[in-house]
Amino acid sequence: MMLSIIIPTYNEAKIIGDLIQLLQCNLVGKNAEIIVSDGGSNDQTVEIAQQLGALVLVSPVKGRAGQMNHGVRKSNGDVYFFLHADSSPVLTFYDEIASSIKNGFNCGSFRTTFDSPSFLLKINAYFTRFNYLFFRGGDQGVFVTKKLWDEVGAYKEEMVIMEDYDYIARLWKSGVFKLIPKATLVSARKYDENSWLRVQLANLKIVRMYKNGASQLAIIDKYKELLRYRKNAF
């Protein structure tokens, strides 16, 4: 298996180095490449990633969907692993994905654990062990074979929000999805900057808007209205 790890970034200088080094330490002797697809950062994200030996691309389309698609176009793998810059996979991620592929699965993701002692976030994380679409997200790490990618199509670049939900839903329809029973460490920074309740209510609201056919602009405006979140998000 040749694994292409594709990380969309925008102003992630504080954390991208740690993620790349974690990946490199656990890819020794493995057939893999690390691709950072940047959305035009104005901090040191690109320089740090380049210094550490990652393949760094500047995407012509800003936004995770466009950046991930650009990473795929420049990749050499037969399996793609999409990973958010503020997420850290389990140390055995390569072997877990390879085993899943060997056993007939052509797409999948991991569970969630948060970098926070919050009891409420432990409850959130607990429910990600259930293989329902509502509990799946891009921050868990999503893998897909090149063959299935070619069948399902790319991320929808017109989507700035909910692009992961849309893509995973398409994988579920066409692929054989594996929920790996190990957890990706996910940043709790969105919860740190808001309350747990505010984030839950905001998530429920935007999912409802998405399912009711609201425009991307309307969903983003509502999200910004409901939550205080880092400027890099949109």
Nearest 0.5 angstrom please: Arg73 CZ to Leu57 CG, how far? 10.0 Å

Could you give me the CA-CA distance, side-chain angles and deciding distance for Val79 and Ile97, then say whether side-chain contact (heavy atoms from CB on, under 4.5 Å) is met? CA-CA 9 Å; Val79 179; Ile97 294 172; 4.1 Å; yes

Closest non-hydrogen atom pair between Ser116 and Ala188, with its separation: CB-CB, 3.8 Å

Taking Asp78 for its side chain and Met2 for its backbone only, find out whether a donor-acceptor pair lies under 3.5 Å. yes

With a 4.5 Å limit on heavy-atom distance, are the side chains of Leu3 and Lys30 in contact? no

Tested for side-chain hydrogen bond (donor to acceptor under 3.5 Å, both in side chains) against Gln140, the lone hit among Thr113, Thr128, Thr112 is Thr112

Side-chain contact, heavy-atom cut-off 4.5 Å: Thr184 with Phe93? no

Do the ring planes of Tyr80 and Phe82 sit parallel (below 30°), tilted (30 to 60°) or perpendicular (above 60°)? tilted

Is it the case that the side chain of Asn11 and the backbone of Asn42 share a donor-acceptor pair, with hydrogens and angles ignored and the cut-off at 3.5 Å? yes

Side chains of Phe134 and Leu204 in contact at under 4.5 Å (non-hydrogen atoms): yes

Just verifying a value: how many Å separate Glu33 CD and Ile6 CD1, rounded to the nearest 0.5 Å? 7.5 Å

What about Met159 and Val72, same hydrophobic cluster or not, with Ile/Leu/Val/Met/Phe/Trp/Tyr joined at side-chain heavy-atom distances under 4.5 Å? yes

Gly17 versus Ile48, closest heavy-atom pair with distance: CA-CG2, 3.9 Å

N/O donor-acceptor pair under 3.5 Å between Arg170 side chain and Ala154 backbone: yes

Just so I know, are the side chains of Tyr191 and Asn124 near enough to count as touching, which here means a heavy-atom distance under 4.5 Å? yes

When the ring planes of Phe135 and Tyr132 are compared, do they come out parallel, tilted or perpendicular, using 30° and 60° as the limits? perpendicular

Taking all heavy atoms of Ala218 and all of Met209, pick out the closest pair and write down the distance. O-CE, 3.6 Å

Counting distance only, does the side-chain N/O of Arg111 pair as donor-acceptor with the main-chain N or O of Ala125 below 3.5 Å? no

So, the side chain of Thr92 versus the backbone of Asp95: is there a donor-acceptor pair under 3.5 Å, distance only? no

Short question: side chain of Glu96, backbone of Ile180 - any donor-acceptor pair under 3.5 Å? no

In this structure, are over 12 heavy atoms from other groups packed under 6.0 Å from Phe130 atom CZ? yes

Among the clusters formed by ILVMFWY side chains lying less than 4.5 Å apart, do Phe114 and Trp196 turn up in the same one? yes

If you round to the nearest 0.5 Å, how far is CD1 of Ile16 from OG1 of Thr9? 5.5 Å

If you take all heavy atoms of Ile7 and Ile34, which pair is closest and at what distance? CD1-CG2, 4.0 Å

Determine, stepwise, if the pair Arg189 / Asp115 fulfils salt bridge (Lys or Arg N to Asp or Glu O under 4.0 Å). CA-CA 9 Å; Arg189 58 184 173 179; Asp115 62 350; over 6 Å; no

Any donor-acceptor N/O pair, Ser118 side chain to Leu121 backbone, under 3.5 Å: yes

Taking 4.0 angstrom as the limit, do Lys147 and Glu151 come out as a salt bridge? yes

Tell me whether Leu179 is reachable from Val90 by hopping between hydrophobic residues (I, L, V, M, F, W, Y) whose side-chain heavy atoms are closer than 4.5 Å. no

Using every non-hydrogen atom in the two residues, find where Asn76 and Ser4 come nearest and quote the distance to one decimal. N-OG, 3.7 Å

Taking side chain as C-beta onward, heavy atoms only, is Tyr10 less than 4.5 Å from Thr45? no

Minimum side-chain heavy-atom gap Lys102-Met1 below 4.5 Å: no

Among Asp221, Ile220, Leu227, which residue satisfies the side-chain contact (heavy atoms from CB on, under 4.5 Å) criterion with Tyr223? Leu227

If you apply the rule side-chain contact (heavy atoms from CB on, under 4.5 Å), what do you find for Val207 with Met162, and how did you get there? CA-CA 8 Å; Val207 168; Met162 299 293 292; 4.0 Å; yes

Between Gln44 (side chain only) and Ala13 (backbone N and O only), is there a donor and an acceptor less than 3.5 Å apart? no

If you measure from CZ on Arg64 to OG on Ser59, what distance do you get to the nearest 0.5 Å? 13.5 Å

Using every non-hydrogen atom in the two residues, find where Ser109 and Phe143 come nearest and quote the distance to one decimal. N-CE2, 3.8 Å

Just wondering, do Tyr94 and Asn26 contact through their side chains at under 4.5 Å, heavy atoms? no

Just verifying a value: how many Å separate Leu91 CG and Leu27 CG, rounded to the nearest 0.5 Å? 11.0 Å

Would the distance check show the side chain of Glu12 and the main-chain N or O of Asp86 forming a donor-acceptor pair, the cut-off being under 3.5 Å? no

Check the orientation of Tyr165 and Tyr210. Use parallel for under 30°, tilted for 30 to 60°, and perpendicular for over 60°. perpendicular

Could you walk me through whether Arg208 and Lys205 satisfy the side-chain contact (heavy atoms from CB on, under 4.5 Å) test, starting with their C-alpha distance in whole Å, then the side-chain angles of each, then the deciding distance to 0.1 Å, before giving a yes or no? CA-CA 5 Å; Arg208 188 178 299 115; Lys205 178 65 176 178; 4.3 Å; yes

Are Leu171 and Val142 close enough that some pair of their side-chain heavy atoms sits under 4.5 Å apart? yes

Linking I/L/V/M/F/W/Y whenever any side-chain heavy atoms sit under 4.5 Å apart, do Leu83 and Val186 land together? no

Enter the distance from Ser88:OG to Leu22:CG here, rounded to the nearest 0.5 Å. 5.5 Å

Please answer whether the main-chain N or O of Ser37 pairs with a side-chain N or O of Gln67 as donor and acceptor at a distance below 3.5 Å. yes

Geometric class of the Trp149/Tyr167 ring pair [parallel <30°, tilted 30-60°, perpendicular >60°]: tilted

After noting the C-alpha distance and the side-chain angles of Lys190 and Asp139, does the key distance pass the side-chain contact (heavy atoms from CB on, under 4.5 Å) rule? CA-CA 12 Å; Lys190 179 166 60 175; Asp139 52 1; over 6 Å; no

Thinking salt bridges, do Asp164 and Arg136 make one under a 4.0 Å N-O criterion? no

According to a 4.5 Å side-chain heavy-atom criterion applied to Ile, Leu, Val, Met, Phe, Trp and Tyr, with indirect links allowed, do Phe110 and Met68 form part of one hydrophobic cluster? no

